[in-house]
Number of protein chains: 4
Amino acid sequence: MSRTAGSSGKKTQAAIREAGLDLIYAQGFDAMSLRQLAARVGLQPGSLYNHIATKQDLLYDLIHNHMVTLLERIDAELEGIEPPLDRLKAFIAFHLTYHIERKREVFIGSAELRSLEPRNRKKIVALRRAYEDRLSGILETGAARKLFKIDDVAVSAYAILAMLTGICTWYDPKGRIGRKELIDIHTRLILQGVLK
Amino acid sequence: MSRTAGSSGKKTQAAIREAGLDLIYAQGFDAMSLRQLAARVGLQPGSLYNHIATKQDLLYDLIHNHMVTLLERIDAELEGIEPPLDRLKAFIAFHLTYHIERKREVFIGSAELRSLEPRNRKKIVALRRAYEDRLSGILETGAARKLFKIDDVAVSAYAILAMLTGICTWYDPKGRIGRKELIDIHTRLILQGVLK
Amino acid sequence: MSRTAGSSGKKTQAAIREAGLDLIYAQGFDAMSLRQLAARVGLQPGSLYNHIATKQDLLYDLIHNHMVTLLERIDAELEGIEPPLDRLKAFIAFHLTYHIERKREVFIGSAELRSLEPRNRKKIVALRRAYEDRLSGILETGAARKLFKIDDVAVSAYAILAMLTGICTWYDPKGRIGRKELIDIHTRLILQGVLK
Amino acid sequence: MSRTAGSSGKKTQAAIREAGLDLIYAQGFDAMSLRQLAARVGLQPGSLYNHIATKQDLLYDLIHNHMVTLLERIDAELEGIEPPLDRLKAFIAFHLTYHIERKREVFIGSAELRSLEPRNRKKIVALRRAYEDRLSGILETGAARKLFKIDDVAVSAYAILAMLTGICTWYDPKGRIGRKELIDIHTRLILQGVLK
DNA sequence: CATGAATGAGCCTTCATTCAT
DNA sequence: CATGAATGAAGGCTCATTCAT
């Protein structure tokens, strides 16, 4: 009811974002009320406004943060790798790993795109496109060097991304399938398809 | 202001469902208000209740309808086809075709699962599983006959479905890519992967 | 708590406007809450919105109504009177009478001008100007015919209006001074000043 | 962001009062938030409380200050003038001058009377009455000496004050009418009325 | 069947004020 | 003195739903 002794501003900020991710992931942005969020963090609803500008702003922050991190990390991951095949494998491994670790962010980042105000949505979509371009780039280079056989780069990139991103909706880190195995299965599928 | 002359009950029903699909697809279930829906159909909000039981009920109806149709049609499509490869191709073609034609239903059917009350969600999830099983079944049979090389049937089925379903979010029937081409690209990708 | 049997929409509308006048007059527009207003009318706060569009809209309606009536009535009053002196007397008598009868409207109409949104304020200010012009016109004609001695028509019109409007803040119909007497005092003051 | 280098306590005090006058004049007391006020002065909202007791207190201070000054100045102005006519002229000239110079204070002093708590309001109303009495006194003496012809002293005093105070709402020091001219016009109007 | 008006709950947000640092 | 973060109350408004007419 009263604030925890050590809860400085930074900590509260973090707690709000964390609780926000949880609630939006579980119920959706519209369905989450700031009252719920506040209760989760141990604040009065109005006190949230010492840390966020608006509910919309919180959503944007969460998604934007995620997208920026995603881009930084994929670039770090691909750095120094040259052969398209290796790059593709690295992309798949990274994408799956990140999507397992940040299930909520990823899910929110795509499911709640429509909850963003147009101005905000535009910015996020641009970042998404940038990320997609990392994959398109790999496919293109690979195709140009006759390593890959790609009918349509854009469509294939979308298709692969959709496949890899899909795990957010069902993957359970504590389940039957380990991370390594998951990566192997998807890598095989993407590289060689289902045919023998 | 008043209802269109000829709009009998059945027509109003249909108009409500149609407008519901539009609005939920565009804004999400929570963000759609029954006032909006009523306005779209040319009714007062209260009058909707002559045609629907509750807002939740409308959502369930929409999704349930879609799932039942989906199952009926896939079964009709696969009927008489025996070889796993042919069945897989038929599945891919059907799934894409249906997802192009019923973009809104499909999208709502997965994005708004979380807006369903537990009881309703359970029923829909069961139908989804049944649909997924059509694909798992094909993969399994194909693997058993050494036609396919599948590391993990369940994971592969999810992955393929995610890939195929992804088109809902970007495919434009009037765009650069035709339906036929779309099917070819995806079929190739699933069967053979990207490697040459 | 529940709605009165006969309270049709029109009656509720009227009750809201009446209560609105009371509360805004007594406390000011900002200080009046819609919860208060609703309680006064015997409604839940949200139910007000079946009758008003927004709080701002209610204010505008109230003031606009008043201004339109004011203009209609002064024109009716002056109609058929030609001599400037008679017109001036008629103006004074009417203005005082109206301001006694509609104390609240008049007070709100000037005190809450600043609470109107710019767009609304502009419209009201135009109506006010039109009313002021009735007086300026009289003064001008009187001066042209050498009946009045006016240094500056605009300033004099403002001054006279301010004097006449001032009674809203203190006049009590049940007090020591009767309406007739009030009119006489002001007429004398305006026509001849304080000097003997 | 941080306070201006040299802003000592006294300076801050003054800045708060100045900003308060501005904001209350422009938006009304209720509509002005202490956050706005703080921003205007370059402080955080909480810091205001090192300089004011409460928001209500600030309003009272502003008005009280104004009333006290008004009384001191009118008394200084009238001191040594004996003939009622001269005293009346002096009153008119002073009142207009002061109301031009302190538009905001004067306006707030009457428009925000209703925002004062009863206890505070009472005190201010007493001061107002004292000021009004200066005028009533002049009128009374003048009437007793058969210099003025006054039907009702109280009503006439209110009427004259209303007229003179009205300029706050429209007078623009940079406009067409100079201060001297304004005084002449009003003096003439009050002394002789509009008739030739 | 449709309407208009009502309910009651809830929503995002703002605000004056307090107080440990 | 100033700050940052909190409180608790309240505010305007929207909504799904109900029901007499």
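Below, read A as the first sequence line, B as the second, and so on, with proteins coming before strands; counting in each chain starts at 1. Hydrogens, waters and symmetry mates play no part in the numbers below; they use all other heavy atoms, side chains included.
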Checklist line | Reference residue Ile63(A); test side chain to side chain contact (heavy atoms under 4.5 Å, CB included); the match among Ile124(A), Val68(A), Leu127(A) | finding: Ile124(A)
[X] has an atom [atom1]; how far is it from atom [atom2] of [N], in whole Å?
X        : N       : atom1 : atom2 : result
Ile52(B) : dT18(F) : CD1   : P     : 11 Å
Gln13(C) : dA6(E)  : CD    : C1'   : 15 Å
Leu48(B) : dA2(E)  : CG    : P     : 9 Å
Leu37(C) : dC13(F) : CG    : P     : 12 Å
Phe29(C) : dG11(F) : CZ    : P     : 13 Å
Asp30(D) : dA16(E) : CG    : C1'   : 12 Å
Lys11(B) : dC1(E)  : NZ    : P     : 13 Å
Met32(B) : dT17(F) : CE    : P     : 10 Å

Next item on the list: Please determine, for the side chain of Pro45(B), which listed nucleotide (dT17(F), dA2(E), dT13(E)) has the closest atom?
Entry: dT17(F)
Check: With respect to the side chain of Ser47(C), which nucleotide from dT7(E), dT17(E), dA2(E) is positioned closest?
Finding: dT7(E)
State whether [X] places a side-chain N or O below 4.0 Å from either non-bridging phosphate oxygen (OP1 or OP2) of [N].
X        : N      : result
His51(C) : dA6(E) : yes
Thr12(A) : dG4(F) : no
Gln44(D) : dA2(F) : no

Check: Looking for any heavy atom pair under 4.0 Å, which part of the strands does Ser33(A) touch: base, sugar-phosphate only, or nothing?
Finding: sugar-phosphate
Check: Side chain of Glu105(A), backbone of Leu21(A): donor and acceptor closer than 3.5 Å?
Finding: no
Item checked: Side-chain donor or acceptor of Arg121(C) paired with backbone N/O of Leu113(C) under 3.5 Å -> yes
Next item on the list: Name the residue closer to the 5' end of DNA chain E, choosing between Leu34(D) and Arg35(C) according to the nucleotide with the nearest heavy atom.
Entry: Arg35(C)
Check: Partner of dT13(E) by Watson-Crick or G-U wobble geometry, both contacts under 3.5 Å, or none?
Finding: dA10(F)
Check: Who does dG4(E) pair with, Watson-Crick or G-U, both distances under 3.5 Å?
Finding: dC19(F)
Margin query: Taking the basic N atoms (NZ, or NE/NH1/NH2) and the acidic carboxylate oxygens, is any pair closer than 4.0 Å for Arg104(D) and Glu18(D)?
Written below: yes
Checklist line | Asn50(D) vs Tyr49(B), nearer the 5' end of DNA chain F by closest nucleotide | finding: Asn50(D)
Note to self: Is the terminal nitrogen or CZ of Lys55(B) (NZ for Lys, CZ for Arg) located under 6.0 angstrom from the six-membered ring centre of Phe29(B) and within 45° of that ring's axis?
What the structure shows: yes
